[in-house]
Amino acid sequence: MTSSRLSQFREHKDHYFSHGDHSPLSADQRERFAGLAYFDEDPALSFTVAPKTDGPGIGERVELETTDGTTMRFVRAARVTVPIIGQPVELSVLKDLDRGRYFLPFRDTTAGEETYQLGRYLDPRERPDGTLVVDFNYAYNPYCAYGDGWSCPIPPEENVVPVRIEAGERSFGASGEESGAVE
């Protein structure tokens, strides 16, 4: 069962997708939309970690390829290490140059089967003590997963991990149809 905060977040997102002016869904998809598909909440995939803010590559500008062939620029702000299925996984946390927000694009071994083929995104939150909240239960698909016409950054090779992260959003069919997603 999902936590109250997570379930409220998911309900709000579903409402936005079906009714929001800037929803990534087409009018046809919205007409049939009954909610996104998610993995069950897994508290073991929520972490509060001290980011590594020094070392090789930290502070460097990074250009990520996008789904439309252009690039987007970020700064590699930190690295975090989290235990996934008992295995330490190191990921680069980027910072959006335009908005100054943390951004963690990643691809795990569920990609292309249970989750979007190019990977998913996560927006780590910084706490007042400088630690980052990295909660994979909030992992989400880029807008490109819902249809054409979007330019989405592709996770960098350093954030392609050899483990399953069974948390957050699942795949969304190109037509908007997936098990449990349309009426």
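Keep in mind that what you see is a predicted model, and the values were worked out from it rather than measured.
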Begin from the C-alpha positions of Ser26 and Asp28 and carry the test side-chain hydrogen bond (donor to acceptor under 3.5 Å, both in side chains) through to its verdict.
CA-CA 5 Å; Ser26 68; Asp28 184 49; 5.2 Å; no
[Y] side chain reached by [X] side chain, heavy atoms, under 4.5 Å:
X      : Y      : value
Val93  : Leu91  : no
Arg127 : Val133 : yes
Leu64  : Pro105 : yes
Asn159 : Val161 : no
Tyr146 : Asn141 : yes
Ser23  : Phe17  : yes
Phe47  : Pro83  : yes
Arg61  : Arg76  : no

Decide whether [X] and [Y] are clustered together by the hydrophobic rule: side chain heavy atoms of Ile, Leu, Val, Met, Phe, Trp, Tyr closer than 4.5 Å, transitively.
X      : Y      : result
Val49  : Ile84  : yes
Ile165 : Ile85  : yes
Val75  : Tyr102 : no
Ile154 : Val160 : no

Would you say the rings of [Y] and [X] are close, in the sense that their centroids are separated by under 6.0 Å?
X      : Y      : answer
Tyr138 : Phe9   : yes
Phe106 : Tyr121 : no
Phe39  : Phe136 : no

Step-by-step side-chain contact (heavy atoms from CB on, under 4.5 Å) determination, Leu132 to Thr48
CA-CA 5 Å; Leu132 292 179; Thr48 300; over 6 Å; no
Counting distance only, does the side-chain N/O of [X] pair as donor-acceptor with the main-chain N or O of [Y] below 3.5 Å?
X      : Y      : result
Ser18  : Phe33  : no
Thr110 : Arg164 : no
Asp68  : Ser151 : no
Thr66  : Thr70  : yes
Asp14  : Leu36  : yes

Begin from the C-alpha positions of Asp123 and Leu104 and carry the test side-chain contact (heavy atoms from CB on, under 4.5 Å) through to its verdict.
CA-CA 6 Å; Asp123 300 323; Leu104 199 165; over 6 Å; no
Lys52: which of Thr81, Ile58, Val80 passes side chain to side chain contact (heavy atoms under 4.5 Å, CB included)
Thr81
Is there a donor-acceptor contact under 3.5 Å linking the side chains of Tyr38 and Asn137?
no
Side chains of Thr71 and Glu65: any donor to acceptor distance under 3.5 Å?
no
Nearest heavy-atom pair of [X] and [Y]: which atoms, and what distance?
X      : Y      : answer
Ala139 : Ala167 : CB-O, 4.1 Å
Pro153 : Phe74  : CG-CZ, 4.1 Å
Tyr116 : Ser171 : N-OG, 3.8 Å

Is there a side-chain contact (heavy atoms from CB on, under 4.5 Å) between Glu158 and Arg79 once you walk through the steps?
CA-CA 10 Å; Glu158 65 202 74; Arg79 287 201 173 83; 4.0 Å; yes
Say you draw a straight line from [atom1] of [X] to [atom2] of [Y]; how long is it, rounded to the nearest 0.5 Å?
X      : Y      : atom1 : atom2 : result
Cys152 : Leu118 : SG    : CG    : 8.5 Å
Arg5   : Asp135 : CZ    : CG    : 8.5 Å
Leu94  : Phe103 : CG    : CZ    : 7.0 Å

Verdict with reasoning, Leu122 to Val134, per side-chain contact (heavy atoms from CB on, under 4.5 Å):
CA-CA 8 Å; Leu122 191 57; Val134 178; 3.6 Å; yes
Take atom CG of Asp148 as the centre, draw a 6.0 Å sphere, and report whether it contains more than 12 heavy atoms from other residues, nucleotides or ligands.
no
A quick test of your reading: do over 12 heavy atoms of other residues, nucleotides or ligands sit less than 6.0 Å from CD of Gln87?
yes
For Glu169, run the salt bridge (charged side-chain N to carboxylate O under 4.0 Å, His left out) check against Arg10, Lys13, Arg120 and tell me which one passes.
Lys13
Determine, for Glu63 against Arg73, whether the closest basic-nitrogen to carboxylate-oxygen distance falls under 4.0 angstrom.
no
